[in-house]
Each structure stands twice: as C-alpha cells, then as structure tokens.
Amino acid sequence: MKGKWLSMIGALAIGISLASGGGGEAAASEKYKNIVNVAHRGASGYAPEHTMASYALGEKMHGDYIEIDLQMTKDGKLIAMHDESVDRTTNGKGLVRDYTLDQIKKLDAGSWFNEKYPQYAVQGYEGLKVPTLEEIFTKFGKNNAYYIETKSPEVYPGMEKELLRLVNKYHINKDKLLIQSFSTPSLKIVHDLDPSLHLVQLLSYSSNAVITDEQISDIKQYAEAIGPNYTYLSRDYVQKVISSGLGIHPYTVNDKETMKKLIDWGVTGMFTNFPNLLEEVKKGK
Ligand code: G3P
Ligand code: CA
C-alpha cells in the first residue's frame with residue numbers, strides 16, 4: 001500500500017508540524033483524515049472476530065486494514081485466530097496446534113458471538129468457519145491492505161517462513177502489507193527473510209509507558225512503527241515516538257473520546273473493533 005503507507009508518513013509529518021504549533025484548522029482536519037484505521041480482528045465489535053463476515057464488515061465500515069492474528073495447525077496451516085486455544089471463539093476445546101485444518105474446519109466460529117453479544121446477533125453468524133490465511137488472501141485479493149500478526153511464534157517455529165511463502169504465492173502487494181508482533185525475534189526473522197517488508201513492533205505496558213532512545217533506535221533497525229496498548233500512553237510518549245520518525249498505532253481503541261485524544265497527541269493510526277466510530281472521528285463527527 002505505497003499510497004496508504006505514504007499517507008501515514010504524511011500524517012506523521014503533519015503530527016510533528018502541529019506539535020510545533022503551526023497548521024491551524026485545515027491541518028488539524030488533514031491530520032484526522034490521514035489516521036490509519038485498522039479493523040481489529042475485522043469489525044469485531046459487531047461480528048465474530050476473525051471470520052470472513054467480520055473482515056468484510058471492517059471493509060464496509062472504512063477500515064483501511066484487515067487485522068489478522070495468526071495461529072498454526074498441527075499440519076502446518078496458518079489460520080486466523082487470536083488465542084492459542086479454540087475454546088473462546090469456537091465450539092471446540094483445546095489447542096490449535098493439536099488440530100489439523102480439517103478438524104478446525106468442523107468448528108463453529110460464530111455462534112459464541114451471538115450468545116455473548118445478543119444485541120449484535122445475526123443468524124448468519126451461526127456456523128461460520130475459521131478462515132485460513134490463504135482463504136483470506138483469495139477472498140480479499142492481492143491489493144487489499146493486511147496487518148498481520150505472528151502470534152505465539154515460539155510455539156510455531158517456521159510460521160514466518162510460511163507467512164512469507166503465502167505472501168509471495170498470492171502476490172500480495174507488499175506496500176500494503178504490515179507485519180506486526182510482540183516478539184522481536186519473530187520480526188527479525190521476517191526482516192531477515194525479506195527486508196523490504198514493513199514491520200510494526202507491538203508493545204504492552206502495565207503502568208505508565210516509557211520508551212528510551214535506545215529502545216527507539218533498536219526498533220528502527222527493523223520496524224517502521226510501534227503498536228502499544230493505549231491505556232498508559234501520554235502525549236510526551238507519543239510525541240517522542242513521532243519525533244523519532246516511527247509511526248505509532250495504539251490498540252485497541254473503542255470509544256470516540258479516546259480516539260480524538262490520541263489523534264490530538266499525534267498518533268498516526270490505531271486499532272479498533274469499531275472502525276465506523278473511527279471513520280466518524282476522522283470526519284470530525
Ligand atoms: O495487534 C494489535 C493488538 O491486536 C495486539 O493485541 O492481543 O488483540 O492481538 P491482541
Ligand atoms: Ca493482534
């Protein structure tokens with residue numbers, strides 16, 4: 001997604017110019033417009049996460065990226081699922097790594113959502129299947145924007161190689177692809193396999209977020225942005241990251257007030273389960 005990525009860099013530059021006092025209303029509105037809207041597990045506030053229905057809704061609701069968490073089956077297939085276990089998001093029990101793809105495909109990945117969120121229940125969600133990465137690439141195409149996370153890479157040796165094999169097999173537009181992970185070793189494997197890929201280092205804070213110059217410098221060796229949890233961020237933190245030239249995409253922001261605050265602090269995008277809300281914020285609503 002050269003276009004979108006460059007527009008993110010543009011938003012980043014605008015963030016810096018606003019922080020230094022220039023810009024006025026037009027620049028502020030430009031800054032809002034350029035915020036990268038990541039449909040987190042699809043539009044997972046409204047549909048069962050990591051199903052084709054959730055991804056399609058994310059697109060409809062103006063998500064710029066489909067966010068995909070990867071797990072790997074016993075027979076080495078990459079599937080979209082957040083947890084290592086199938087328990088929370090299907091009617092099955094146990095670990096993904098103990099299931100073959102055929103067995104995973106027998107699970108119902110939608111009914112749990114209707115039970116948990118009756119206000120958003122849709123009959124068509126019942127019986128939805130867990131998608132493979134290949135199926136997602138096939139359905140949404142090579143020019144879609146994907147934001148793919150290597151989950152639990154220590155459990156699935158080789159998952160990075162398989163991910164890149166599929167990216168190449170399906171001719172995925174690498175300018176519209178972001179690969180993210182909490183695992184620095186996993187990102188470095190990806191970077192070594194293909195230095196042209198755009199990477200995002202995820203971070204998790206449990207108290208006031210601090211990032212050192214050394215950390216920033218290390219991350220810049222392989223990644224172009226960071227993705228911290230938003231809860232413990234501050235304006236100073238965001239500005240420090242932005243000034244370094246890294247992008248910053250906090251997760252997972254589900255209310256408009258927090259979205260606006262983070263944009264005013266200078267973030268360049270964010271993950272949300274409700275991409276329609278971020279779209280409204282971007283339009284000044
Ligand atoms: O990938 C950004 C965010 O999704 C990280 O947290 O646990 O939702 O994958 P998690
Ligand atoms: Ca994720």
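Atoms within each ligand, like the ligands themselves, are counted from 1 in listed order. Numbers for residues simply follow the sequence, beginning at 1.
- Residues passing the ring pair (Phe, Tyr, Trp, His ring centres under 6.0 Å) test with Tyr55, sequence neighbours excluded: His50.
- Using modelled atom types, one finds a donor on one side chain and an acceptor on the other under 3.5 Å when comparing Glu160 with Ser186.
- Any protein N/O/S atom under 3.0 Å from the Ca ion (ligand 2) was counted, giving 3 altogether.
- Between Asp75 and Thr100, the side chains place no donor N or O within less than 3.5 Å of an acceptor N or O (distance only, hydrogens not considered).
- A 4.5 Å side-chain heavy-atom check between Glu149 and Phe182 finds at least one atom pair inside the cut-off.
- A ring-centre distance under 6.0 Å is found for Phe271 and Tyr147.
- Identified under the ring-ring contact (aromatic ring centres under 6.0 Å, His included) test for residues 210-244, with sequence neighbours left out: Tyr205-Tyr237.
- Within 6.0 Å of NZ in Lys142 there are 12 or fewer heavy atoms belonging to other residues, nucleotides or ligands.
- Separating the OG1 atom in Thr138 from the CG atom in Leu133 is a distance of 9.0 Å, to the nearest 0.5 Å.
- When atom types are taken as modelled, the side chain of Lys256 and the backbone of Glu280 share no donor-acceptor pair closer than 3.5 angstrom.
- Listed by chain and number, residues touching ligand 1 at under 4.0 Å (heavy atoms only) are His40, Arg41, Glu67, Asp69, His82, Glu149, Lys151, Gln180, Phe182, Leu202, Tyr251, Phe271.
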